[in-house]
Amino acid sequence: MSRYQKWILISALATFGPTLGHAEDLHHETRYRVALAGFPIARADFRTEVKDKHFTIRGDIDSAGLADLVTTIEAKADVSGTVGPQRLQAAHYTLYYKSGRKQHTYDVVYQDGNVTSTTTTPEPKRPKNWIPITEGDLRSVLDPISGLIFPVGTNICSQNLPIYDGETRMDLKLFPKGSHPFSTDGFSGITVSCGVHFTPRSGYKQSRDDFQYLSKSEGMEIWFAKAEAMNVYAPVYVRVPTKYGTVTITAVKYGND
């Protein structure tokens, strides 16, 4: 699994959120099945907690099926921050990622949407054709987890999402693709379907084949479903075309504990 496929797995899996503007304690859980060309490769469990307008999202992702035959993949994602009137505002984002013997931790601190510090452990060695992050790239950005949660009333498929995941700065531009029925444990109804244009900005190797492939593709899409108790829209299905086949991320549970 490439570095980008790992990113889209983490970001797309964090697809649930608290009711914006509510003060009571809330809990929510979403579970996912991840497949490549129809074959299972990973499973995930994410939990959201909200208390006194402060939120935390914690996720655990593990390889499964065919992926276990190649290498063991494990990831843990955490984001915390405050519940604003329009969206979640991250204060701290951490991603731990392990593939085989390789381990990496990405840690990002935000203030008012701007990155104030970012560290990677261990410190990576950058190739000569690396496109560096600039100071301007770290202003008015979203983390890859809470950045995919929208309050009811938002025109979801007109959003341009400036995402920073601790290494790469990218834009996800959403555009309308109609609607689709979707059913799973905790939800049955009509989803809002958005196509996605992926544009890498900085923090990546210029010659990356997977980024070039995806930036030219028009086949990436996300389906957003309404979480009634939470009063938000969040993804329940993601489709990502790759050179190795289509990656799909499907919610098998979408609701309260």
Side-chain angles (χ1 to χ4, degrees), residues 1-17 30 32-39 41-42 44 46 61 86-88 137 140-165 168-184 187-204 208-227 230-252 254:
M1 182 177 288
S2 70
R3 169 70 172 74
Y4 177 70
Q5 288 171 327
K6 179 268 297 182
W7 172 81
I8 198 64
L9 169 64
I10 303 300
S11 62
L13 288 179
T15 56
F16 42 84
T30 306
Y32 291 89
R33 179 182 65 249
V34 185
L36 172 62
F39 295 97
I41 60 172
F46 275 75
I61 303 98
Q86 299 300 321
R87 66 174 309 117
L88 306 182
D137 291 331
S140 300
V141 296
L142 303 170
D143 71 277
I145 296 182
S146 65
L148 289 173
I149 300 170
F150 300 100
V152 170
T154 300
N155 189 351
I156 300 172
C157 295
S158 67
Q159 302 295 309
N160 185 38
L161 307 179
I163 301 292
Y164 176 66
D165 70 352
T168 303
R169 169 67 174 82
M170 68 205 80
D171 286 341
L172 301 180
K173 183 176 179 57
L174 309 185
F175 59 92
K177 289 199 72 174
S179 59
H180 297 278
F182 184 85
S183 296
T184 192
F187 177 85
S188 181
I190 302 299
T191 64
V192 177
S193 176
C194 302
V196 184
H197 285 141
F198 167 79
T199 304
R201 295 298 182 188
S202 57
Y204 69 98
R208 285 196 57 164
D209 290 341
D210 53 350
F211 275 21
Q212 293 178 11
Y213 180 87
L214 193 56
S215 65
K216 296 177 182 178
S217 173
E218 296 185 356
M220 184 177 176
E221 62 182 85
I222 306 177
W223 299 1
F224 293 86
K226 183 180 180 181
M230 301 295 177
N231 205 35
V232 298
Y233 277 89
V236 289
Y237 175 80
V238 180
R239 181 181 186 274
V240 184
T242 78
K243 294 174 65 175
Y244 311 102
T246 299
V247 173
T248 57
I249 303 169
T250 306
V252 295
Y254 185 75

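Only heavy atoms go into these numbers, but all of them, side chains included; no hydrogens, no water, no symmetry mates.
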From [X] [atom1] over to [Y] [atom2], what is the distance, rounded to the nearest 0.5 angstrom?
{"X": "Tyr164", "Y": "Ser140", "atom1": "OH", "atom2": "OG", "result": "15.0 Å"}
{"X": "Phe198", "Y": "Glu218", "atom1": "CZ", "atom2": "CD", "result": "15.0 Å"}
{"X": "Trp223", "Y": "Ile190", "atom1": "CH2", "atom2": "CD1", "result": "10.0 Å"}
{"X": "Met220", "Y": "Thr246", "atom1": "CE", "atom2": "OG1", "result": "12.0 Å"}
{"X": "Thr184", "Y": "Arg33", "atom1": "OG1", "atom2": "CZ", "result": "8.0 Å"}
{"X": "Thr154", "Y": "Ile149", "atom1": "OG1", "atom2": "CD1", "result": "11.5 Å"}

Return the minimal non-hydrogen interatomic distance between [X] and [Y], and the atom names on each side.
{"X": "Pro235", "Y": "Leu148", "answer": "CD-O, 3.5 Å"}
{"X": "Leu88", "Y": "Ser146", "answer": "CD1-CB, 3.8 Å"}
{"X": "Ser193", "Y": "His180", "answer": "CB-CD2, 3.4 Å"}
{"X": "Phe175", "Y": "Val196", "answer": "CE2-N, 3.4 Å"}
{"X": "Gly147", "Y": "Leu161", "answer": "O-CD1, 3.9 Å"}
{"X": "Ala225", "Y": "Tyr254", "answer": "O-OH, 2.8 Å"}

Examine distances only and state if a side-chain atom of [X] and a backbone atom of [Y] form a donor-acceptor pair shorter than 3.5 Å.
{"X": "Ser215", "Y": "Phe211", "result": "yes"}
{"X": "Thr242", "Y": "Gly245", "result": "yes"}
{"X": "Arg169", "Y": "Asp137", "result": "yes"}
{"X": "Ser188", "Y": "Ser183", "result": "no"}
{"X": "Tyr244", "Y": "Leu36", "result": "no"}
{"X": "Thr191", "Y": "Phe224", "result": "no"}

[Y] side chain reached by [X] side chain, heavy atoms, under 4.5 Å:
{"X": "Val247", "Y": "Val34", "answer": "yes"}
{"X": "Leu174", "Y": "Ile156", "answer": "yes"}
{"X": "Met170", "Y": "Asp165", "answer": "yes"}
{"X": "Lys173", "Y": "Thr199", "answer": "no"}
{"X": "Asp209", "Y": "Lys243", "answer": "yes"}
{"X": "Pro241", "Y": "Ser217", "answer": "yes"}
{"X": "Thr248", "Y": "Val238", "answer": "no"}
{"X": "Asn160", "Y": "Leu172", "answer": "no"}

Thinking salt bridges, do Glu221 and Arg239 make one under a 4.0 Å N-O criterion?
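Looking at Arg239 together with Glu221, the answer is no, because their closest N to O distance does not fall below 4.0 Å.
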Check Asp171 with Arg201, please: is the shortest side-chain N to carboxylate O separation under 4.0 Å?
yes
Can you list the steps and then say if Val236 with Thr250 is a side-chain contact (heavy atoms from CB on, under 4.5 Å)?
CA-CA 6 Å; Val236 289; Thr250 306; over 6 Å; no
